[in-house]
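What follows is a set of notes on a single structure, which appears directly below.
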Amino acid sequence: MGASAATAPRETSARIVIQAHEINHAYEASTGWSTALAHFNLEIPEGEFLCVLGPSGCGKSSFLRMLAGLMFPLEGSLLVHGEKIIGPGLDRAIVFQEAALFPWLTAAQNVGFGLEMAGWKKPQVRERVEHVLDIVGLSAAAGKFPYQLSGGMKHRVAIARAWAMTDAAVLLMDEPFSAIDAINRAGLQEHLVRTWLAEPRTVVYVTHDIEEAIYLADRIAIMTPSPGRVGAEIRIDLPRPRDRNSAAMAALKEEITAKMNEMERRA
Ligand SMILES: Nc1ncnc2c1ncn2[C@@H]1O[C@H](COP(=O)(O)OP(=O)(O)OP(=O)(O)O)[C@@H](O)[C@H]1O
Ligand SMILES: [Mg+2]
């Protein structure tokens, strides 16, 4: 594990990687158009671990799908490194809710698959795969197939697969651990933080779990109920690894819960 035990909060003067400006989006339903995002604004600096927190249906996944280039805002602009997103790209890797591994490939082959597709030579792929599997603590499972791995291990392979892509400046995660039980989820969150500390990347992590957001994030963008926009931004300046039972975490949870309740009342 290359990560140091505790680190200072990130610098905030880093250059902006993602810029969402006045995004409006609606879906067409049988009953007419339904607005999903309205006046959504957000800027994300390089290297930040940003959590997008909000109630079900507020538009979190819609925003993430736009970042992934899988859909496009009807209005407003969405830029990555100053350029309009016109589709998926190797500069953005996605970790889905389901680990979505290839069942016929080993853990190592799953992690190396994207690199091979990107034209990496075999020795380089092997070296990179060994390195990221070590970071997520799965070196011993490199030769195992998905059916031989626990649910949590599969998710760690999925994290390693995204992290392996060195060209992916941005990692997009949509509630990747929401289907995992609480104890395993805490372990996966620790692995994720360790991975990020070992190889910092800009992360956009969608969740509706307040405690998860406080545990993971440098900053939390709290979305309003539908139609969603960023209603509040909260910086989490606690050193890592974080103590889930600390008074500081409890105070933040109270503050964020109050903010979300207030947004709910106003909606
Ligand atoms: N493909 C679609 N067609 C029609 N409506 C959609 C579609 N996708 C999302 N919506 C609607 O847009 C709104 C935002 O959905 P979205 O999935 O982005 O929310 P979310 O915040 O990710 O919710 P959850 O926390 O439940 O995953 C919801 O009202 C949803 O019903
Ligand atoms: Mg969603």
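When a ligand or atom number is given, it counts from 1 through the structure's own listing order.
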Under 3.5 Å, is there a donor on one side chain and an acceptor on the other for E175 and Q97? no
Any pair with a residue in residues 258-267 that passes side-chain hydrogen bond (donor to acceptor under 3.5 Å, both in side chains), sequence neighbours left out, goes on the list, sorted by first then second residue, please. E262-R265, E262-R266
Distance, nearest 0.5 Å, that separates CZ of R128 from CE of M165: 10.0 Å
Any carboxylate oxygen within less than 4.0 angstrom of a Lys/Arg side-chain nitrogen, looking at R15 and E43? no
Ligand 1 N/O to protein N/O, distances under 3.5 Å:
| unit_1 | atom_1 | unit_2 | atom_2 | d |
| --- | --- | --- | --- | --- |
| ligand 1 | 18 (O) | S62 | N | 2.9 |
| ligand 1 | 18 (O) | S62 | OG | 2.5 |
| ligand 1 | 19 (O) | G59 | N | 3.3 |
| ligand 1 | 21 (O) | C58 | N | 3.2 |
| ligand 1 | 21 (O) | G59 | N | 3.0 |
| ligand 1 | 21 (O) | K60 | N | 2.9 |
| ligand 1 | 21 (O) | K60 | NZ | 2.9 |
| ligand 1 | 22 (O) | S61 | N | 2.9 |
| ligand 1 | 22 (O) | S61 | OG | 2.8 |
| ligand 1 | 23 (O) | G57 | N | 2.8 |
| ligand 1 | 25 (O) | K60 | NZ | 2.7 |
| ligand 1 | 26 (O) | S56 | OG | 2.6 |

Carboxylate-amine/guanidinium proximity below 4.0 Å for K253 and E211: yes
Minimum-distance pair of heavy atoms, taken over all atoms of L67 and R92: O-NH1, 2.8 Å
Under 2.8 Å from the Mg ion (ligand 2), how many protein N, O or S atoms can be found? 1
Side chains of T35 and Y27: any donor to acceptor distance under 3.5 Å? no
For the residue pair F40 and F63, categorise the inter-ring angle as parallel (less than 30°), tilted (30 to 60°) or perpendicular (more than 60°). tilted
Residues pairing under salt bridge (charged side-chain N to carboxylate O under 4.0 Å, His left out) where one sits in residues 97-119, two or more places apart or in two chains, turn out to be E116-K122
